[in-house]
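Here is the structure we will look at.
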Amino acid sequence: MEHPMLDTWTRIDTLGDHVGKTVTLKGWLYNKRSSGKICFLLLRDGTGIVQMVMSQSDVPAGIYDSYHELTPESSIEATGVVKEDKRAPGGYEIGLSDLKIVSIAEEYPITPKEHGADFLLQRRHLWLRSRRQQAIMRIRAELIRAIQDFFDQQGFMRLDAPIFSPSNCEGASTLFSVPYFDHGEAYLTQSGQLYAEAGAFALGRVYTFGPTFRAEKSKTRRHLTEFWMIEPELTFADLDDIMDLAEDLISFFMERVLQNRAADLETLERDIESLRKIRRPFVRMTYDEALEQLKRIGGGPEWGQDLGATDETLLSSQYDRPLLIHRYPLQAKAFYMKPDPTDRRLTLNMDVLAPEGYGEIIGGSQREDDLDSLVSRMEEEGIPKEPLEWYVDLRRYGSVPHSGFGLGLERTISWICGLKHVREAIPFPRLMDRFYP
RNA sequence: UCCCCGGUAGCUCAGCUGGUAGAGCGGGUGGCUGUUAACCACUUUGUCGGCGGUUCGAGUCCGUCCCGGGGAGCCA
């Protein structure tokens with residue numbers, strides 16, 4: 001699309017369309033090198049990085065001398081001829097003819113050498129400028145786009161759930177509370193699912209996409225206190241339907257990311273071959289089968305306990321594609337999950353574990369659609385009914401079988417990008433002891 | 001909440017059984033017409049996380065607190 005106002009200069013990612021022509025670029029100095037009478041300036045503009053070459057013999061002295069003034073991350077406007085050059089990492093370079101300094105940067109704290117996690121997180125606003133972080137953010141954007149396209153194509157409608165929620169309804173996680181006028185405490189949502197169920201009863205197939213919050217004191221590479229979740233909810237759908245849907249979704253976005261963001265995956269030095277293997281069908285097993293297998297390879301909890309992180313890693317490392325584990329013990333799972341009619345000790349739920357130790361990226365279930373069963377389950381779990389009357393109502397007015405799941409965006413990004421920690425998968429991570437910047 | 005690891009120059013780290021602190025990078029100056037985390041020479045930089053203790057002497061040993069990292073539980 002043409003944007004006359006925005007297209008007065010050229011973006012680095014479109015240089016291929018301008019070979020041989022003189023263009024103006026705007027951005028920041030990524031790095032510079034010189035060997036006396038020739039110098040190299042690396043320009044970064046958010047769409048890529050290009051090397052600009054300037055010879056003392058080709059440009060006015062005033063412009064050539066500005067090389068010495070320029071510091072890393074200084075902002076500049078540069079004009080020059082686009083040249084194809086095999087020596088240049090991106091395939092193109094700029095033969096510089098004019099250079100205008102917009103602003104000289106103070107000494108930039110982030111150098112091309114290694115830094116520790118604390119140092120970088122404290123400077124996240126600057127860290128995002130690095131090649132690697134840019135690549136992750138582009139993949140994040142691509143993934144979000146792919147997920148939305150997938151659901152749109154499948155006839156889902158996006159319906160957003162509220163962030164303020166009236167009660168700690170699921171009882172499971174510790175929630176953040178905030179004062180809410182004269183109504184006491186409100187809580188930051190830990191999931192949009194219950195609202196998605198209401199939405200599905202109105203619109204058939206919906207998905208929510210928004211931030212969720214957990215006040216758990218989890219200090220691990222897989223946890224954030226604020227993370228984004230995509231939660232599809234479908235009426236007239238059972239457990240098998242959402243297992244199929246989860247496989248389709250993952251296959252779809254993986255293909256899209258591989259197709260459109262290969263260069264970024266390369267920047268991240270991600271092993272692309274292992275991502276190419278992510279195609280249907282995935283591996284499926286029941287909780288009981290998972291336990292059996294864990295016993296063979298040494299591990300596993302007592303029957304009835306949820307699988308621990310170590311067990312999940314152990315299990316999923318046996319396969320090169322995602323693993324779906326379904327039908328967990330009822331006692332380990334939430335009240336809204338429907339018991340398996342063939343074995344009422346089990347629920348009709350499933351988790352999807354990503355390969356390579358990235359752990360649980362999806363959790364979902366068929367929902368309890370029977371009024372009496374839901375109410376008695378809530379009583380057993382000691383869940384206050386009053387704040388959830390609206391949720392129970394859904395079973396009073398035309399209840400139908402329905403199912404859904406939640407996909408953790410940052411964990412999925414971590415997996416795709418091969419990150420060591422989810423904190424790199426979100427622009428400004430919120431962690432237990434860190435909410436700056 | 002519990003367990004493990006760490007805190008030394010702006011950054012990343014080394015510093016043995018205690019003897020008064022070092023490298024690389026960065027910064028600065030100079031050199032180089034094809035550099036790719038450029039290179040070469042010279043140069044600059046410290047309340048060794050805080051407090052207390054042991055000792056003739058503590059970056060090093062002990063106690064304690066603070067901060068950070070990883071993991072468990074819980075979860076996406």
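First the proteins, then the strands, lettered A, B, ... as listed; each starts at 1.
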| message | Check for me whether the distance between the ring centres of His18(A) and Tyr92(A) falls short of 6.0 Å. | response | no

| said: Taking only the P atom of each, what is the distance from rA72(B) to rG26(B) in whole angstrom? | reply: 38 Å

| request: With Tyr336(A) as reference, evaluate Glu368(A), Gln193(A), Arg367(A) under the side chain to side chain donor-acceptor pair (under 3.5 Å) test and give the passing residue. | output: Gln193(A)

| Side-chain donor/acceptor contact of Gln305(A) with base of rG73(B) under 3.5 Å | no

| field | Watson-Crick or G-U wobble partner of rU12(B), both distances under 3.5 Å | value | rA23(B)

| request: Could you say whether Pro112(A) or Pro72(A) is positioned toward the 5' end of RNA chain B, judged by the nucleotide with the nearest heavy atom to each? | output: Pro72(A)

| field | N/O (side chain, Lys219(A)) to phosphate O (OP1/OP2, rG70(B)) under 4.0 Å | value | no

| field | Contact under 4.0 Å: His421(A) side-chain N or O vs rG70(B) OP1/OP2 | value | yes

| request: Report yes if a side-chain nitrogen or oxygen of Arg434(A) is closer than 4.0 Å to either non-bridging phosphate oxygen (OP1 or OP2) of rG69(B); otherwise report no. | output: yes

| task | Output yes when at least one side-chain N/O atom of Arg33(A) is less than 4.0 Å from OP1 or OP2 of rU33(B), else no. | result | no

| Which nucleotide, rA76(B), rG68(B), rU35(B), lies nearest any side-chain atom of Leu224(A)? | rA76(B)

| message | Taking the six-membered ring of Phe119(A) as reference, does the cationic atom of Arg123(A) (NZ for Lys, CZ for Arg) lie under 6.0 Å from its centre and within 45° of its axis? | response | yes

| remark: Of the listed rC32(B), rA76(B), rG34(B), the closest approach to the Glu360(A) side chain comes from rA76(B)

| query | Rounded to whole angstrom units, what separation is found between the CZ atom of Arg411(A) and the P atom of rC74(B)? | reply | 13 Å

| message | So, does Arg423(A) get its side chain near the phosphate of rG70(B), meaning an N or O under 4.0 Å from OP1 or OP2? | response | yes

| request: Provide, to the nearest angstrom, the distance between the CD atom belonging to Glu216(A) and the P atom belonging to rG71(B). | output: 16 Å

| request: Please confirm whether any donor atom in the side chain of Ser218(A) sits under 3.5 Å from an acceptor in the base of rG73(B), or the reverse. | output: yes

| said: One thing to verify: whether Glu356(A) and Arg321(A) come together as a salt bridge, which I'm taking to mean a side-chain N less than 4.0 angstrom from a carboxylate O. | reply: no

| message | Between rC74(B) and rU17(B), how many Å separate the two P atoms, rounded to a whole number? | response | 41 Å

| field | Atom of Arg423(A), atom of Ala117(A) and distance for their closest heavy-atom approach | value | NH2-CB, 3.4 Å

| note | Looking only at rG69(B), rA76(B), rG70(B), the nucleotide nearest the Arg221(A) side chain is rG70(B)

| said: I'd like to compare against my own output: the B/S/- annotation of nucleotides 6-15 of chain B with a strict under-4.0 Å heavy-atom distance to protein. | reply: -----SS---

| request: Could you pick out which residue, Val53(A) or Tyr108(A), lies toward the 5' side of RNA chain B when each is mapped onto its nearest nucleotide? | output: Tyr108(A)

| Distance-only polar pair, side chains of Gln122(A) and Arg434(A), donor-acceptor under 3.5 Å | yes

| query | Base, sugar-phosphate, or nothing: which does Gln56(A) touch, judged by heavy atoms less than 4.0 Å apart? | reply | nothing

| query | Should the pair Arg214(A)-Glu226(A) be classified as a salt bridge under the 4.0 Å nitrogen-to-oxygen rule? | reply | no

| Is the shortest distance from a Lys or Arg side-chain nitrogen in Lys100(A) or Asp98(A) to a carboxylate oxygen in the other one below 4.0 Å? | no

| When all nucleic acid strands are considered with a 4.0 Å heavy-atom cut-off, which category describes Glu93(A): base, sugar-phosphate, or nothing? | base

| request: Return yes if the base of rU33(B) and the side-chain atoms of Ser57(A) contain a donor-acceptor N/O pair under 3.5 Å, otherwise no. | output: yes

